[in-house]
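Since the structure comes first, as structure tokens, the remarks are kept for the end.
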Amino acid sequence: MRSVVFAGFDGEDNPARLLVERVSAPCQKVILPNDNALSAALMRDEIARSPLTAIMTGQKPSIRSKIAVERFARADCGILETAVDCGRVVRFFRENGYDAYKSSGAGNSYCNAVYAEVLKIFPRGLFLHIPLLKNISDFGELVKAFDKFIRQFDFEQE
């Protein structure tokens, strides 16, 4: 059975790291260093194991209690788009009690950089932005939403 790689950026109060640590769904958990080259190398190593999909998370200060499903990453070679149906991802989260929306702004820093590097070699990568800790009304509900997503979303339908 092919696994899901679930990654989040490191940082003491980074909700992405906390989310990866607390999710109980079966997956390969990865904490990404706040370094573009090291994060990309770590994700390349994980993808070499032939996972079903690679889900990366980071924090987005401008959102509150919702998930931003990133459709694109910007790279030197242009715009890279995930092969995962972002509309289905949004619907899954909404149908399971957590607000989500499609976004086309993976940022200008670590999030975009690692997403672009992953999409260059693995189009089934997906980047999901979550709010800062102070902007998450119930972190336990967010963990439940991701647990359910990793366990039940049909990544093979893509």
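We count residues from 1, following the sequence as given.
- V23 is listed as a side-chain neighbour of L19, based on a closest heavy-atom distance under 4.5 Å.
- Atom NZ of K102 sits about 8.0 Å away from atom CZ of R91, to the nearest 0.5 Å.
- To the nearest 0.5 Å, the span separating CG on D147 from CD on Q152 amounts to 10.0 Å.
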Checklist entry - Please walk me through it: do T82 and F127 pass side-chain contact (heavy atoms from CB on, under 4.5 Å)? => result CA-CA 9 Å; T82 181; F127 200 97; over 6 Å; no
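- Minimum interatomic distance between R22 and V143 (heavy atoms only, all atoms of both residues): O-CG1, 3.8 Å.
- When hydrophobic clusters are built by joining Ile, Leu, Val, Met, Phe, Trp and Tyr residues whose side-chain heavy atoms come closer than 4.5 Å, directly or via intermediates, I79 is not grouped with V84.
- A donor-acceptor pair is defined here as one N or O able to donate and one able to accept, closer than 3.5 Å; no such pair exists between the side chain of K66 and the backbone of D99.
- Across A106 and C111, no two heavy atoms sit closer than the pair O-CB, 3.4 Å.
- Relative orientation of the F149 and F155 rings is perpendicular, given thresholds of 30° and 60° on the angle between their planes.
- At a threshold of 4.5 Å between side-chain heavy atoms, the hydrophobic network of Ile, Leu, Val, Met, Phe, Trp and Tyr places F72 and L80 in two separate groups.
- Atom CG of L132 is separated from atom CG of N14 by 8.5 Å, given to the nearest 0.5 angstrom.
- A distance of 10.0 Å separates CG of L38 from OH of Y110, quoted to the nearest 0.5 Å.
- By the neighbour-count criterion of 12 heavy atoms within 6.0 Å, atom CZ of R64 is sparsely surrounded, having that number or fewer from other residues, nucleotides or ligands.
- Using a 4.5 Å heavy-atom cutoff, the side chains of R151 and S24 are in contact.
- Looking only at distances, a side-chain donor or acceptor of S65 sits under 3.5 Å from a matching main-chain atom of S137.
- Put simply, the side chain of R17 gets close to the backbone of G11: a donor and an acceptor are under 3.5 Å apart.
- Separation of atoms CG (D138) and NZ (K144) is listed at 7.5 Å; rounding is to 0.5 Å.
- The backbone N or O of P33 lies less than 3.5 Å from a partner atom in the side chain of S39, making a donor-acceptor pair.
- Looking at T57, its side chain never comes within 3.5 Å of a backbone N or O of F9 through a donor-acceptor pair.
- In K120, the NZ atom is crowded: over 12 heavy atoms of neighbouring residues, nucleotides or ligands sit closer than 6.0 Å.
- Within the 4.5 Å cutoff, the side chain of N135 has no heavy atoms near those of the I63 side chain.
- Under the 6.0 Å cut-off for aromatic ring centres, F146 and F6 qualify, their centroids lying closer than that.
- The only member of R71, K60, H129 that meets side chain to side chain donor-acceptor pair (under 3.5 Å) when paired with S103 is K60.
- Contact annotation: the side chain of L126 approaches that of C86 to within less than 4.5 Å [non-hydrogen atoms, C-beta and beyond].
- Both L32 and L133 belong to a common hydrophobic cluster when Ile, Leu, Val, Met, Phe, Trp and Tyr are linked at side-chain heavy-atom distances under 4.5 angstrom.
- Between L128 and M56, every side-chain heavy-atom pair lies at or beyond the 4.5 Å cut-off.
- Under a hydrophobic-cluster definition in which Ile, Leu, Val, Met, Phe, Trp and Tyr are linked whenever side-chain heavy atoms come within less than 4.5 Å, directly or via other members, Y101 and I55 are assigned to different clusters.
- Closest approach of C27 and I150 over heavy atoms only: CB-CG2, 4.2 Å.
- Side-chain heavy atoms closer than 4.5 Å link hydrophobic residues (I, L, V, M, F, W, Y) into clusters, and following such links, possibly through other members, connects L52 to F122.
- At least one side-chain heavy atom of L142 sits under 4.5 Å from a side-chain heavy atom of I67.
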Item to check | Audit row: M43, V5, side-chain contact (heavy atoms from CB on, under 4.5 Å) steps and yes/no | outcome: CA-CA 9 Å; M43 288 304 296; V5 174; 4.0 Å; yes
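- Of all heavy-atom pairs between T53 and R124, the closest is OG1-O, 2.6 Å.
- Of all the heavy atoms in P131 and P15, the pair that sits closest is O-CG, 3.1 Å.
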Checklist entry - Given F92 and D154, is the side-chain contact (heavy atoms from CB on, under 4.5 Å) satisfied, shown in steps? => result CA-CA 10 Å; F92 182 91; D154 184 5; over 6 Å; no
Item to check | Working for side-chain contact (heavy atoms from CB on, under 4.5 Å), residues E81 and S104 | outcome: CA-CA 9 Å; E81 185 174 4; S104 31; over 6 Å; no
